[in-house]
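Residues: numbered from 1 along the sequence shown. We count ligands from 1, going down the list as the structure has it; atoms in each ligand are counted the same way. Remember, predicted model here, so these are calculated numbers, not experimental data.
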Amino acid sequence: CSKVKSITEAQETTVAQCILAHSDSVKGSILLIQAPGTPTLIKGTISGLTPGKHGFHVHEFGDMSKGCESMGAHYNPDGNDHGNEDSGHVGDLGNINAGNDGVAVVKKISKRIDLLGDRSIIGRGLVVHEDPDDLGQGDDAESLKTGNAGKRLACGVIVIRDSK
Ligand code: CU
Ligand code: ZN
């Protein structure tokens with residue numbers, strides 16, 4: 001009976017959320033949704049941005065004790081160089097694109113982000129940056145670490161959303 005129950009639970013869709021904070025102007029709310037064995041849907045809106053592209057990553061630590069700086073580097077369980085969503089750090093989510101109203105509508109489907117198992121990103125940090133992410137194509141050392149995405153504008157901890 002307990003075995004049947006655990007299978008049932010594993011087949012449930014996991015829903016996590018992240019409220020982006022630590023900024024006077026940039027605010028956002030992101031949902032992350034994954035059914036077992038399927039890619040993770042990452043969706044939401046972020047407002048208060050300058051128009052254009054902004055780097056967007058999962059960082060190692062859900063630690064905001066020193067603001068967004070204590071979230072560490074990009075989540076990188078495979079020891080990759082920084083890059084794009086397919087082959088860079090697992091936490092590399094590329095760019096989000098804000099319109100002239102400063103609002104970015106986020107909708108990404110990630111094959112490498114997991115909400116379940118030993119590579120779950122629950123409890124880690126999500127960061128939106130001031131500058132575009134060059135996806136590792138910047139031809140300098142920093143490009144292969146951070147994508148030259150610059151200052152951390154806003155961030156939040158990824159948490160399981162309470163099921164009602
Ligand atoms: Cu980042
Ligand atoms: Zn990266």
Checklist entry - Under the criterion ring-ring contact (aromatic ring centres under 6.0 Å, His included), which of His74, His59, His57 is the partner of His89? => result His74
Next on the checklist: Checking Glu85 against Lys108 for the salt bridge (Lys or Arg N to Asp or Glu O under 4.0 Å) test, could you report, in this order, the C-alpha distance in whole Å, the side-chain angles of both residues, the deciding distance, and whether it holds?
Outcome noted: CA-CA 10 Å; Glu85 289 170 79; Lys108 292 178 182 287; 3.6 Å; yes
Checklist entry - Where the Zn ion (ligand 2) is the centre, what is the ND1-to-ND1 angle for His74 and His82, rounded to 10°? => result 100°
Checklist entry - What angle, in degrees and rounded to 10°, do you get at the Cu ion (ligand 1) when you join it to NE2 of His129 and to NE2 of His59? => result 130°
Next on the checklist: Could you tell me if Asn148 and Asp133 have a donor-acceptor pair between their side chains, going purely by distance under 3.5 Å?
Outcome noted: no
Checklist outcome for this item: Checking distances from the Cu ion (ligand 1), one finds that the N, O or S atom of His57 closest to it is ND1
Checklist outcome for this item: Closest to the Zn ion (ligand 2), among the N/O/S atoms of Asp92, is atom OD1
Item to check | Asp92 side chain to His82 side chain, donor-acceptor N/O pair below 3.5 angstrom | outcome: yes
Next on the checklist: Could you tell me if Ser143 and Asp134 have a donor-acceptor pair between their side chains, going purely by distance under 3.5 Å?
Outcome noted: yes
Next on the checklist: Just checking: Asp133, one of its N/O/S atoms, less than 2.8 Å away from the Zn ion (ligand 2), yes or no?
Outcome noted: no
Checklist entry - Mind checking whether the Zn ion (ligand 2) has an N, O or S of His89 under 2.8 Å? => result yes
